[in-house]
Amino acid sequence: MSTVGAAFRASVPVLFGYVPLGMAFGILFQDLGYAWYYAPLMGLTVYAGAAQFMAVGLLAAHASLFEVALSTFILNSRHMFFGVSLLSRYRAQGLKKLYLIFGLTDETYSLITSTHPPTGHDEQNYYLALTALNQSYWITGCALGALFGANVQFDTSGMDFTLTALFMVLMLEQWKKLREPYPFVVALLCGLAALWLFREQMLLVSISLSIALLLLRSRISQVVL
């Protein structure tokens with residue numbers, strides 16, 4: 001199997017999540033009155049699912065570009081934690097490395113940390129293929145949604161559950177690999193605590209707290225050993 005073929009096989013769950021979710025974004029974005037091609041263009045240049053959905057609401061509320069940029073930065077700041085944990089894996093140089101950093105999403109991170117290229121294939125090319133395939137799924141969904149929104153009345157009720165289902169699939173893949181309950185219990189408890197205490201910043205708080213606790217546990221384990 002080729003590197004791209006292996007990456008495609010691993011990224012199929014993302015395909016089934018990104019295309020319908022991208023279509024939902026395309027429909028919502030097109031409803032703002034923009035030409036259909038702006039949706040896939042945003043998927044190409046911004047490529048941040050949650051941030052793009054947030055941008056729809058901000059643009060509809062006539063928020064300034066500064067407000068959109070600041071909100072996007074805060075929402076996507078969790079990727080800084082992802083990036084730190086991938087420093088030892090991303091060994092590509094030049095444009096390849098820049099694209100790997102740009103194309104890092106929650107789902108891509110999960111695939112990179114839970115799957116491996118076939119024996120004898122270059123690991124960096126595998127990561128690059130995973131990243132490019134995932135972005136192509138998202139851009140395709142954005143384009144299809146924008147075209148549907150421009151030409152067909154489309155009911156998006158329930159479509160937002162696609163992202164939740166996608167995360168469940170990726171979490172099961174992580175469980176099959178780790179077989180250790182501690183990270184999942186920590187993530188669950190941090191998520192519930194953040195939802196209770198910091199509902200508006202739930203995602204950022206829960207991820208930060210989970211990482212802090214996991215790093216603390218790792219540090220304690222090293223000291224004990």
Side-chain angles (χ1 to χ4, degrees), residues 3-4 6-19 21-22 25 43-54 72-92 95-117 121-139 141 162-180 182-184 186-188 190-191 194 201-215 217-218:
T3 303
V4 175
F8 173 75
R9 184 176 179 180
S11 66
V12 167
V14 179
L15 166 66
F16 287 111
Y18 270 17
V19 171
L21 198 65
F25 166 76
L44 177 67
T45 57
V46 178
Y47 188 38
Q52 287 182 222
F53 275 102
M54 182 183 66
T72 302
F73 172 76
I74 293 174
L75 182 63
N76 285 337
S77 59
R78 65 189 186 280
H79 289 172
M80 289 189 288
F81 299 107
F82 295 168
V84 170
S85 67
L86 291 178
L87 286 177
S88 61
R89 290 175 180 265
Y90 280 6
R91 296 188 299 275
L95 292 177
K96 280 186 178 182
K97 188 165 190 174
L98 291 177
Y99 179 70
L100 286 172
I101 295 171
F102 166 77
L104 182 62
T105 64
D106 303 295
E107 295 75 19
T108 301
Y109 174 82
S110 184
L111 288 179
I112 286 176
T113 56
S114 63
T115 64
H116 300 283
H121 291 253
D122 184 80
E123 190 179 51
Q124 300 306 303
N125 288 336
Y126 177 72
Y127 294 158
L128 191 67
L130 272 179
T131 305
L133 284 169
N134 287 348
Q135 187 177 13
S136 71
Y137 305 150
W138 179 252
I139 294 173
T162 304
L163 188 59
T164 304
L166 173 61
F167 272 110
M168 291 300 295
V169 171
L170 296 175
M171 185 198 70
L172 290 174
E173 289 295 326
Q174 291 281 0
W175 168 254
K176 287 166 61 179
K177 180 185 178 185
L178 294 176
R179 296 291 182 183
E180 183 184 357
Y182 181 79
F184 301 94
V186 168
L188 176 62
C190 291
Q201 296 82 30
M202 180 264 178
L203 187 60
L204 181 60
V205 172
S206 61
I207 290 176
S208 302
L209 187 58
S210 298
I211 291 175
L213 291 175
L214 292 174
L215 288 175
R217 188 203 188 204
S218 175

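By the 4.5 Å heavy-atom criterion applied to side chains, Leu104 and Tyr90 are counted as neighbours.
Across all non-hydrogen atoms, the minimal contact from Ala132 to Tyr99 is CA-OH, 3.3 Å. Here the closest non-hydrogen pair linking Ala129 and Ala7 is CB-CB, 3.6 Å. Pairing each heavy atom of Tyr126 with each of Ala6, the nearest pair is CE1-C, 3.9 Å. Smallest separation of non-hydrogen atoms from Cys190 and Leu213: SG-CD1, 3.6 Å. When all heavy atoms of Lys96 and Asn125 are compared, the closest pair comes out as NZ-OD1, 3.1 Å. Looking at every heavy atom in both residues, Pro183 comes nearest to Leu214 through CA-CD2, 4.0 Å.
When each of Leu100, Val4, Leu111 is checked for a side chain to side chain contact (heavy atoms under 4.5 Å, CB included) with Leu130, only Leu111 meets the rule.
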- Tell me, with the steps shown, if Tyr182 and Arg217 meet side-chain hydrogen bond (donor to acceptor under 3.5 Å, both in side chains). CA-CA 10 Å; Tyr182 181 79; Arg217 188 203 188 204; 4.6 Å; no
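Side-chain polar atoms of Asn134 and Thr108 form a donor-acceptor pair below 3.5 angstrom. Between the side chains of Tyr137 and Glu107, no donor N or O sits under 3.5 Å from an acceptor N or O.
Side-chain N or O atoms of Gln135 include one that pairs as donor or acceptor with a backbone N or O of Gly43 at under 3.5 Å. Counting only distance, with no hydrogens or angles, the side chain of Gln124 and the backbone of Arg91 share a donor-acceptor pair below 3.5 Å. Side-chain atoms of Ser11 come within 3.5 Å of backbone atoms of Phe8 as a donor-acceptor pair (strictly under, hydrogens ignored).
Summarising the geometry, atom CG belonging to Leu21 is positioned 15.0 Å from atom CZ belonging to Phe16; distances are rounded to the nearest 0.5 Å. Atom CG of Leu188 sits about 11.5 Å away from atom CZ of Phe184, to the nearest 0.5 Å. Here the CZ-OG1 distance, from Phe102 to Thr45, works out to 6.5 Å after rounding to the nearest 0.5 Å. Separation of atoms OG1 (Thr3) and OH (Tyr127) is listed at 12.5 Å; rounding is to 0.5 Å.
Ring-plane geometry between Tyr47 and Tyr18 is classed as perpendicular, the angle between the planes exceeding 60 degrees on a 0 to 90 degree scale with a lower cut at 30.
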